Asker: 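I'd like to ask you about the structure that follows.
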Amino acid sequence: MDRVLVCSAWPYANGPIHVGHVTGSLLPADIFARFNRLVGNETLLISGSDMHGAPITVSADKEKVPPEVIADRYHEINSKAIEGLGISFDLYTHTHTSNHQEVVNEVFLELLEKGHLKRMTTPQYYCDRCSRFLPDRYVEGTCPHCGADHARGDQCDACGMDLNAQDLKSARCQLCSSSPELRETEHFFLKLSDFTGGLKEYVEARNHWRPHVRSFTLNVLDEGLLDRPITRDISWGVPVPVDGFDSKRIYVWFEAVIGYLSAAKQWAATKSDPDAWERFWKDGSCRSYYFLGKDNIVFHTIIWPAILTGVGGLNLPYDVVANQFMNLGGQKFSKSMGVSIDIPELLTKLRPDVVRYYLSANMPEFKDSEFSWEDFAQRVNSELVATYGNFVHRALSFTFKNFATVPAKGDLDDRDRAALERITDASRSVSEFLSACEFREALKSLMDLAQSGNQYFDAVAPWALVRSDRDRCETVLHVSLEICKALAVLGYPFLPFSSESIWKGLGMDGSLEETGWKGLETPLNEGAALERPAPLFAKMEATAFGGFSQFSVLNLKVGKVLSVEPHPDADKLYVMKVDVGKPITIVSGLKDYYTADELSAKTLVILTNLEPAKLRGVKSEGMLLAAEDGDKLALLTPEKELVPGTQISSGLELTDKQISYKEFQKLDMRAGVMASADPPRIQVGDKVLGCAASGGETGGKYAALVLDDSALVMHGPDGVKMVFDRDIPAGARIR
RNA sequence: AGCGGGGUGGGGUAGCUUGGAAAUCCCAUCAGGCUCAUAACCUGAAGAUCGUUGGUUCAAAUCCAACCCCCGCUACCA
C-alpha cells in the first residue's frame, strides 16, 4: 500500500470559484485522490480558501466591510460548491485560522534562524491622507519614458514599460490623488538565491513531471532567482512574528503555500492522532502531488520547495501537475470581464457528474482548451448519455423487464470471454493513465469500454435470445452487467455519484466507495432482486445554458445629442454633449463621416461605463457605438424613439463597474441580417448564427452581440432593437 | 517588446519528445443494420498534399531555418 498526499491549489476567497478552478486543480486532484483511495492507498486530500491578500481588502473597502466578511462569505459559498461537485476533501480549510498562523510563524522563525531571511530597508511611497503605504500600482504619475500622464507605478499602459514607482514624475496616490512621500520601510526578504543550486538538481531529477512544467521551471532557474520580500505594509494577513513589525503582514505568496502543511496538521488535530500529518510530510516514501493551473507553477516548483528545503525534514513535491487554461470564447476566464461560469450557479442547473464529465473530457492537460456550451452539450449527449448512460440503462432495464433478478452465468463462449477480456484491458489502462495523471486518456479508456459494451450487446442480441434460449440469454446479460459493474468501478473517480447508483442498481452489497477497486472481481449477486432502473443521465440543451454574461459588463444607454463642437486641438474629433439621463461629454472620431448638423439631436447608443479617457486633452466619458466596415460607418440607434438614459440591457443583468477600452475591444458585436424569424437566425458576415433570444423581422438589419456560434440581438425594454442610421454590410464590426 | 502555447478533413481534436506503410477519436454528412434502450445503439463510406516557404534525410505532420496568423502570461484569478 502506498501513501499519497494530494494537494489542490487554494482558491482565492474573493469570488465564487469558476470553471477554471475546477478544471485546473480541484477536479484533477479529486479524481486522483478518489482513484488512490479506490486502489487502497492511504490518501490525504487537502486544500482551503486563500483568505489574505490585497484584492480582498479592495473588495472590502468597496463594500465598506472588514476583509473577514468578504473572505468568510466566499469561503462559505465555495465550500458548499466544492462539496456539491463531489470534491472529496479530507479537509477544506482556509488561511485565516490560528492554526495556519502558528504554522506560518514556525516556518518563518525556522527560516530566520537558519539564515534564509534577511532584513532590508527600501523606499516606498506613503500616502499621508490615506495613512498607508501604497503598493506600486496604487501610485500614478508621469511616465519617465514616454511622458504619458496616467502611468501606474508598476507599468505604463501607454508605452508598456515596466516601472518602479520611484521613477514616476509627480507621483500621486491613486486613491485620493494627493502626493505621497517616499519613506523608508524595513522588510524581510527570502533569500531564494540560497536555493538555486539545490532546486536545479531537484527539478532536473524530476523526469516524470509534465514537460512544460519542468522546462518552464528550469528556464526560470537559469535566469537566476532574486530575493523576494515576504512582508509588506498592509494590515490584512498573517502577522509577522518579530518585534517592531506590528504594522506589517506576511506576503500572501509566501504564506498561502504553507497552507499545505498547516492544513495537514489541522486535519491530524481533528483525528485522534495529532501526529498523523507526519506520515504524509516526513516519511520519504509518501508521494505528494500538487494540482494547479499554469500561472501558479513557480510557486509550487520553486518557492514552495525552497521554503521546505529551508525548513528541512519535509517532503518536497513529488509531482507538480499543472494544467493549462480552459478558455471561454477564446478568452481567459476572468471575473472582471464577465468571462466566467461560476460553479455555485452551474450546480443549480446541472448534476455534478455531468459537469465533472465534461470538464474531465476537455481538461486542459497539455494545452489550453476551450469551454463552450455547444461542445458541452454535444459531448455530454453523445458520449456520457448516449454511449455510457444508455448502455447501462439498456442492459439493466432489459434484464429487469425479462428477469427482474440478477441473471445466472452459464457456459461462456468466445465472444463472452472476449467481452470480459475488455474489462481487464480497460481496468489496466484506466489505472495506468490515472497513476500518470493522464485524465483525458483514462476517461477515453472508460468510454471505449462503454462502447465495447454496446457492441457486445448488439452482437449477442439478448432480445432475440430471450425467446429462443433463456439460459443463454441470462448468461449474456450477466456478462453485460459485469461490464456495467466495471464501468461503475472504473468510472468512480470521474463520476462518483453515478457509479454508486449503478453499483446499487446492480444489487451489489455495500457501497462502491468502501468496496474499492476489488469490486471488479466481486461477483454479481445472482438471483438478487433488481430495482426498476432509471436512466442515469438526461440529455441537455445547449441553448438553455449559454450565457452572454460577458456582455453584461457593457452598460449601454440611449443618448440624445445635445451639442456638437469640433475638437479645439484635433482634426478628426468632435466634442459632443450627450444626454444619457444626465449630460456627459463624449469625444468621438466622426468628423470624416458626419457633419455636425447631421449629428445634432440624433438618438444614439452610448457605452456609459467606459473608463474616462482624455483624448487630445478633452475628457471623454463614454463612447458612442457605430458599425464599421472598411471606410463605411453607421451609427447605432434604437428602432423606436426611446427616452435618453434608457438602459439597453439586451436582457442581461448589468454591472455598474467601469471597463477599460481594452476589455471593451475584446467583445464581439456585429451588424447582422435576420435570416429567419422562427427559429431566430441571424446572418453575420458569411455565417448564420442562432439567436439566443427573440430576433427581429426577417431581412431586418440589427446590432447583435456575438459569442461563438450564437448571437443575441441587442435590445432595450419591450424588445426595442438597435438598428443603423446608414446602410452597412452585415458582419460589420461594432465599436 | 519579452516569455510561453497553438495553427492537422466542415467543427473540435490525437499524433510531433524517440522521423518510416499518406494520419487518431468525437460531432456533423451519406449508405446500411437492429429494435432491448434516452430517435438510442451497431456496421460501413466520403472527406485532410498535417499554416506558408525553404532545408536536412532513402524517408517529415513529426527535425532545422525563415515567415504569416491566432491566443495566453508579463497585473499575486486554475
Side-chain angles (χ1 to χ4, degrees), chain A residues 8-12 14-15 17-29 50 52-55 135-137 152 154-155 157 159-162 211-212 215-216 219-220 223 251-254 256 291-299 322-327 330-337 339-340 361-364 366-370 372 374-375 377-379 381-383 385-387 389-402 440-441 444 447-448 450-451 453-466 473 477 480 533-539 709:
Chain A
S8 168
W10 295 49
Y12 199 51
N14 192 33
I17 51 168
H18 54 74
V19 164
H21 296 104
V22 177
T23 195
S25 54
L26 294 166
L27 184 55
D50 179 357
H52 299 137
D136 279 358
R137 71 192 141 125
R152 278 177 325 198
D154 55 341
Q155 195 187 30
D157 280 337
C159 66
M161 290 292 285
D162 290 335
H212 72 270
S215 58
F216 177 74
N219 231 330
V220 175
E223 282 172 20
Y251 228 131
V252 246
W253 67 260
F254 176 81
F291 293 87
L292 47 277
K294 63 177 166 187
D295 56 331
N296 227 331
I297 291 175
V298 287
F299 292 99
N323 274 330
Q324 311 282 350
F325 285 128
M326 185 178 271
N327 301 311
Q331 293 172 53
K332 197 174 70 135
F333 276 91
S334 156
K335 230 188 355 194
S336 59
M337 289 182 52
V339 184
S340 173
N362 196 20
M363 190 177 281
F366 300 102
K367 61 183 182 193
D368 286 4
S369 67
E370 191 67 37
S372 89
E374 205 183 339
D375 190 44
Q378 191 202 292
R379 297 197 77 142
N381 290 345
S382 70
E383 297 170 22
V385 181
T387 303
N390 182 240
F391 171 68
V392 173
H393 187 242
R394 75 194 289 209
L396 222 39
S397 64
F398 186 89
T399 308
F400 176 77
K401 265 185 216 160
N402 293 287
R440 288 173 72 146
E441 282 300 319
K444 180 85 178 34
M447 296 313 290
D448 286 347
Q451 185 177 26
N454 276 315
Q455 287 165 336
Y456 173 78
F457 205 83
D458 237 59
V460 294
W463 54 91
L465 287 175
V466 74
C473 187
L477 289 176
S480 300
L536 285 172
F537 308 104
K539 290 209 171 189
D709 286 335

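In this text, all values refer to a predicted model and were calculated from it rather than measured experimentally. The figures that follow rest on heavy atoms only: side chains count, while hydrogens, waters and symmetry mates do not. Labels below follow one simple rule: chain letters A, B, ... track the order of the sequence lines, proteins then strands, and each chain is numbered from 1.
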Asker: Starting the side chain at C-beta, find the nucleotide from B/U38, B/C27, B/C36 nearest to A/Gln378.
Answerer: B/C27
Asker: Hey, what do you get for NZ (A/Lys401) to CH2 (A/Trp463), rounding to the nearest 0.5 Å?
Answerer: 13.0 Å
Asker: For the pair made of CG in A/Asn390 and C1' in B/U35, what is the distance, rounded to whole Å?
Answerer: 12 Å
Asker: Could you measure between the two P atoms, the one in B/A31 and the one in B/C36, and give it in whole Å?
Answerer: 24 Å
Asker: What's the CD1-P distance between A/Ile297 and B/A78, to the nearest Å?
Answerer: 12 Å
Asker: Name the nucleic acid region contacted by A/Pro462, choosing base, sugar-phosphate or nothing; use a 4.0 angstrom heavy-atom cut-off, strictly under.
Answerer: nothing
Asker: Would you mind reading off the distance between A/Phe398 atom CZ and B/C36 atom P, rounded to a whole angstrom?
Answerer: 8 Å
Asker: Applying the Watson-Crick and G-U wobble criteria at under 3.5 Å, what pairs with B/G19? Answer none if nothing qualifies.
Answerer: none
Asker: Could you measure between the two C1' atoms, the one in B/A23 and the one in B/G15, and give it in whole Å?
Answerer: 8 Å
Asker: Does a nitrogen or oxygen in the side chain of A/Gln455 sit under 4.0 Å from OP1 or OP2 of B/U43?
Answerer: yes
Asker: Please state the P separation for the pair B/G5 and B/C16 - nearest whole angstrom.
Answerer: 16 Å
Asker: CG of A/Asn323 versus P of B/C73: gap in Å, rounded?
Answerer: 16 Å
Asker: Applying a 4.0 Å non-hydrogen cut-off, can you work out what A/Ser382 is touching in the nucleic acid: base, sugar-phosphate, or nothing?
Answerer: sugar-phosphate
Asker: Round to a whole Å and report the spacing from CH2 of A/Trp253 to C1' of B/A78.
Answerer: 20 Å
Asker: Looking only at atom C1', what distance separates B/G19 and B/A61, rounded to whole Å?
Answerer: 10 Å
Asker: Grab the CZ-C1' distance between A/Arg379 and B/C27 for me, whole Å please.
Answerer: 10 Å
Asker: Which of the following nucleotides, B/C41, B/A78, B/G11, is nearest to the side chain of A/Ala9?
Answerer: B/A78
Asker: Which nucleotide, if any, forms a Watson-Crick or G-U wobble pair with B/G4, using both distances under 3.5 Å?
Answerer: B/C71
Asker: Are any non-hydrogen side-chain atoms of A/Leu27 and A/Thr23 less than 4.5 angstrom apart?
Answerer: no
Asker: Assuming nearest nucleotide by heavy-atom distance, tell me which of A/Ala386 and A/Pro11 is located more 5' along RNA chain B.
Answerer: A/Ala386
Asker: When the P atoms of B/U49 and B/U8 are compared, how many Å lie between them, rounded to an integer?
Answerer: 12 Å
Asker: Relative to the 5' end of RNA chain B, which residue comes earlier, A/Val252 or A/Asp448, by the nucleotide with the nearest heavy atom?
Answerer: A/Asp448
Asker: Side chain of A/Asn454: nearest nucleotide among B/C36, B/U38, B/C41?
Answerer: B/C41
Asker: Assign A/Leu26 to base, sugar-phosphate, or nothing according to its heavy-atom contacts below 4.0 angstrom with the strands shown.
Answerer: nothing
Asker: Can you tell me how far the CZ atom of A/Arg440 sits from the CE atom of A/Met363, to the nearest 0.5 Å?
Answerer: 9.0 Å
Asker: Rounded to whole Å, please give me the gap between CZ in A/Arg394 and C1' in B/C41.
Answerer: 5 Å
Asker: Using the P atoms only, state how far B/A60 lies from B/G51, rounded to an integer number of Å.
Answerer: 15 Å
Asker: Within less than 4.0 Å of OP1 or OP2 of B/A78, is there a side-chain N or O belonging to A/Asn296?
Answerer: yes
Asker: Within the structure shown, what part of the strands sits under 4.0 Å from A/Phe537 by heavy-atom distance: base, sugar-phosphate, or nothing?
Answerer: base
Asker: What I'd like to find out is whether the side chain of A/Asn323 reaches to under 4.5 Å of the side chain of A/Pro28, using heavy atoms alone.
Answerer: yes
Asker: In whole angstrom, give me the gap between the P atoms of B/A48 and B/G32.
Answerer: 23 Å
Asker: Residues two or more places apart in sequence or in another chain: which of them pass side chain to side chain contact (heavy atoms under 4.5 Å, CB included) with A/Lys444?
Answerer: A/Asp448
Asker: Counting only Watson-Crick pairs (N1-N3 plus N6-O4 or O6-N4) and G-U wobbles (N1-O2, O6-N3), all under 3.5 Å, who is the partner of B/A48?
Answerer: none
Asker: How many angstroms lie between atom CG of A/Leu536 and atom CZ of A/Phe391, to the nearest 0.5 angstrom?
Answerer: 11.5 Å
Asker: As a test of reading the structure: which of B/G11, B/C36, B/C42 is closest to the side chain of A/Trp463, going by heavy atoms?
Answerer: B/C36
Asker: Using the P atom as the point on both nucleotides, what is the distance between B/A66 and B/U24, in whole Å?
Answerer: 32 Å
Asker: Return the CZ to NE2 distance between A/Phe400 and A/His393, rounded to the nearest 0.5 Å.
Answerer: 10.5 Å
Asker: Using Watson-Crick or G-U wobble geometry with both distances under 3.5 Å, which nucleotide pairs with B/G32?
Answerer: B/C42
Asker: Expressed in angstrom and rounded to an integer, what is the separation of A/Lys401 atom NZ from B/U35 atom P?
Answerer: 15 Å
Asker: Partner lookup for B/A65, please. Criteria are Watson-Crick or G-U wobble with both distances under 3.5 angstrom; report none if nothing qualifies.
Answerer: B/U53
Asker: Have a look at A/Phe457 and say if it touches a base, only the backbone sugar-phosphate, or nothing, with a 4.0 Å heavy-atom cut-off.
Answerer: base
Asker: Taking only the side-chain heavy atoms of A/Asp458 (C-beta and beyond), determine which of B/C36, B/U38, B/C25 contains the nearest atom.
Answerer: B/C36
Asker: For A/Gln451 and B/C41, is the shortest distance between a side-chain N/O and OP1 or OP2 below 4.0 Å?
Answerer: no
Asker: I want to check something: taking the side chain as every heavy atom from C-beta on, are A/Leu292 and A/Trp10 in contact at a cut-off of under 4.5 Å?
Answerer: no
